[in-house]
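To start, the structure under review is shown below, and the notes come after it.
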Amino acid sequence: MTRRNLYLSGALALGLLAAVPAPLPAAQAGPSSSGPSSSGQPSALDRNRELQACAAKAEANPDAAMADARRWQQQGGGDSAKLCEALALFHAGDFKAAGAQMEALVPTLGKDDPRAAASLLGRAGWAWLRAGDQGRAERLYSAALDKTPGDVDLLIDRAFARAEGERFWDAVADLDAALTRDPKRADAYLYRASAQKALSNYRQALADIDSALELKPGDPEAILLRGNVKALGGNLGAARDDWSLARRVSPDSEWGRAAADNLARTAEVAGDAGKDKAKEKKVQ
C-alpha cells in the first residue's frame with residue numbers, strides 16, 4: 001500500500017502541538033516567543049506559535065530548524081525544544097532518531113492528556129515505520145490506540161504498518177473497524193483493497209475500490225489499483241482501459257507514470273507473443 005498522508009507534515013504537527021496542554025515555565029518560552037502572559041509566563045498560544053514556526057521550518061529547512069531547536073534547548077526550551085528537534089530530524093530523514101526522541105517525550109508531554117500521548121505515539125510509530133522497523137511501529141500504534149480507543153486514523157495507520165509486515169488479515173481487521181466507525185474514508189477502502197489484492201481476494205478488492213471511487217471520483221491511485229487487480233484476475237483488456245484512464249486523469253503523478261509503465265510493459269509482452277506466433281506459423 002502507498003501511504004499518502006505523510007504523518008509529520010506541518011499541519012498534522014500543529015495538531016499534536018495543540019494537544020499538549022500545560023504552559024511552559026517562562027524560561028522555556030523559546031527564543032522568539034511572542035511574549036509572556038499577564039502572570040509573567042508564556043501562554044499556551046505563545047508556546048504554540050513558537051512550535052508552529054518550528055514545524056513549518058522543519059518541513060521546509062530541517063537543518064535550520066535543527067539549529068534553532070538546539071539553540072532553544074540551550075536557552076531552556078525543554079521538551080518543546082526537543083519536540084522541535086524531533087520534527088527536524090524526521091524531515092531530515094533521520095527517522096530512527098526522530099522516533100526515539102518522540103517516544104521519549106511521551107511520559108512528559110503526554111502525561112496528563114491521553115490525546116497528546118496518543119498523538120506522539122502515533123507520530124513516533126510513523127517515524128519508525130519510515131525507518132523500516134514495522135514491529136516497533138505497530139507496537140507504538142497499539143499503545144496509541146490504548147490511549148484513544150477506536151481512533152480511526154490510528155486504526156488506519158496500524159493497518160498500514162501491519163500490511164508492511166505482510167500481516168494482511170490483521171490489516172483488514174483494523175480497516176474493517178475503521179470503516180465501521182467512519183464509512184466515508186476513501187483511503188481506508190483503498191488500503192483494504194490493497195490488502196485484499198495481496199490475499200488474492202480480487203472480488204473484494206474491486207468492491208472496495210468501487211467504494212473508494214464513489215467517495216473520491218477520478219482518484220488516479222484507485223484507478224491504477226483497479227487496473228492492477230483486473231490484470232491479476234486475468235482481465236488484461238479491462239486492466240489496460242483503467243491504466244489508460246489513470247494516465248489521462250493524472251499523467252504527471254506517480255500513479256499516472258506507473259499506469260504508463262504498465263501499458264508499455266504489457267504492449268511489449270503482447271508484441272513478443274505476436275512474434276512467437278509468427279515464428280510458429282513459419283515453422284509449420
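The model shown is predicted, which means the values in this text are computed figures rather than measured ones.
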TODO: Before giving the answer on salt bridge (Lys or Arg N to Asp or Glu O under 4.0 Å), spell out for K184 and D182 the whole-Å C-alpha distance, their side-chain angles and the decisive distance to 0.1 Å.
DONE: CA-CA 5 Å; K184 294 189 179 296; D182 186 354; over 6 Å; no
- [ ] Determine, step by step, whether R247 and D261 satisfy the salt bridge (Lys or Arg N to Asp or Glu O under 4.0 Å) criterion, reporting the C-alpha distance in whole Å, the side-chain angles of both residues, the deciding distance to 0.1 Å, and the verdict.
- [x] CA-CA 10 Å; R247 186 176 61 177; D261 288 343; over 6 Å; no
TODO: Quick one: do R158 and S142 satisfy side chain to side chain donor-acceptor pair (under 3.5 Å)? Show the steps, please.
DONE: CA-CA 7 Å; R158 188 173 68 177; S142 295; 3.1 Å; yes
Open item on the list: L245 vs R248, test: side-chain contact (heavy atoms from CB on, under 4.5 Å). Steps then yes/no.
Closed with: CA-CA 5 Å; L245 178 58; R248 289 197 304 273; 3.5 Å; yes
Task: Pair W243-N228, side chain to side chain donor-acceptor pair (under 3.5 Å): steps then yes or no - done: CA-CA 8 Å; W243 294 333; N228 294 349; 3.0 Å; yes
- [ ] Report the C-alpha distance between S194 and F168 in whole Å, list the side-chain angles of each, state the deciding distance to 0.1 Å, and finish with yes or no for side-chain contact (heavy atoms from CB on, under 4.5 Å).
- [x] CA-CA 9 Å; S194 293; F168 298 111; over 6 Å; no
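Side-chain N or O atoms of T266 include one that pairs as donor or acceptor with a backbone N or O of L263 at under 3.5 Å. In this structure a side-chain-to-backbone donor-acceptor pair under 3.5 Å is missing from E164 to L129. Put simply, the side chain of Y189 gets close to the backbone of P183: a donor and an acceptor are under 3.5 Å apart.
For A246 against A259, the heavy-atom pair with the smallest separation is CB-CB, 3.9 Å. When all heavy atoms of L225 and A193 are compared, the pair lying nearest together is CD2-CB, 3.9 Å. Across every non-hydrogen atom of A171 and A159, the tightest pair is CB-O, 3.4 Å. Here the closest non-hydrogen pair linking A86 and A98 is O-CB, 3.5 Å. The nearest pair of heavy atoms linking P114 to T148 is O-CG2, 4.1 Å. What you find for G122 and A144 is that their closest heavy atoms are N-CB, 4.1 Å.
Between F160 and W126, the ring-plane angle classifies as tilted under the 30° and 60° cut-offs.
A donor-acceptor contact closer than 3.5 angstrom links the side chains of R123 and S119.
Checked options L190, L179, L215; the residue passing with R185 is L179 (criterion: side-chain contact (heavy atoms from CB on, under 4.5 Å)). With L145 as reference, D151 is the one residue of L140, D151, D157, L121 to meet the side-chain contact (heavy atoms from CB on, under 4.5 Å) rule. Residue Y141 is tested with D174, L154, I156 for a side-chain contact (heavy atoms from CB on, under 4.5 Å); the sole match is L154.
The distance from atom SG of C84 to atom CD of Q101, rounded to the nearest 0.5 Å, is 10.0 Å. Atom CG in D133 sits 11.0 Å away from atom CD in E138 (nearest 0.5 Å). Here the CG atom belonging to D79 is positioned 3.5 Å from the OG1 atom belonging to T108, to the nearest 0.5 angstrom. Rounded to the nearest 0.5 angstrom, F90 CZ and R130 CZ are separated by 5.0 Å. Note: E166 CD to Q134 CD = 9.5 Å, rounded to the nearest 0.5 Å. Here the NE2-CE distance, from H91 to M66, works out to 11.0 Å after rounding to the nearest 0.5 Å.
Linking ILVMFWY residues whenever their side-chain heavy atoms come closer than 4.5 Å, directly or via other members, places V229 and V249 in the same cluster. The hydrophobic cluster containing I223 also contains L232, counting ILVMFWY residues as joined when their side-chain heavy atoms lie under 4.5 angstrom apart, directly or transitively. Hydrophobic clustering of Ile, Leu, Val, Met, Phe, Trp and Tyr side chains at less than 4.5 Å, counting indirect connections, keeps L199 apart from Y191. Note on F95 and L89: separate hydrophobic clusters, where clusters join Ile, Leu, Val, Met, Phe, Trp and Tyr whose side-chain heavy atoms are under 4.5 Å apart, directly or indirectly. Residue L120 is grouped with residue W128 when hydrophobic side chains (ILVMFWY) are merged at heavy-atom distances under 4.5 angstrom, including chains of intermediate members.
Using a 4.5 Å heavy-atom threshold, the side chains of K216 and D187 count as separate. L155 is not listed as a side-chain neighbour of L175, based on a closest heavy-atom distance of 4.5 Å or more. You'll find the side chain of D210 reaches within 4.5 Å of the side chain of R226, heavy atoms only. Residues N262 and R265 have side chains in contact (heavy-atom distance under 4.5 Å, counting atoms from C-beta outward).
Using a 4.0 Å cut-off between a side-chain N of Lys or Arg and a carboxylate O of Asp or Glu, E103 and R136 qualify as a salt bridge.
Annotation: side chain to side chain donor-acceptor pair (under 3.5 Å) contacts involving residues 199-208, sequence neighbours excluded, comprise R192-D208, Q196-N201.
Other residues, nucleotides and ligands contribute only 12 or fewer heavy atoms inside 6.0 Å of the NZ atom of K147.
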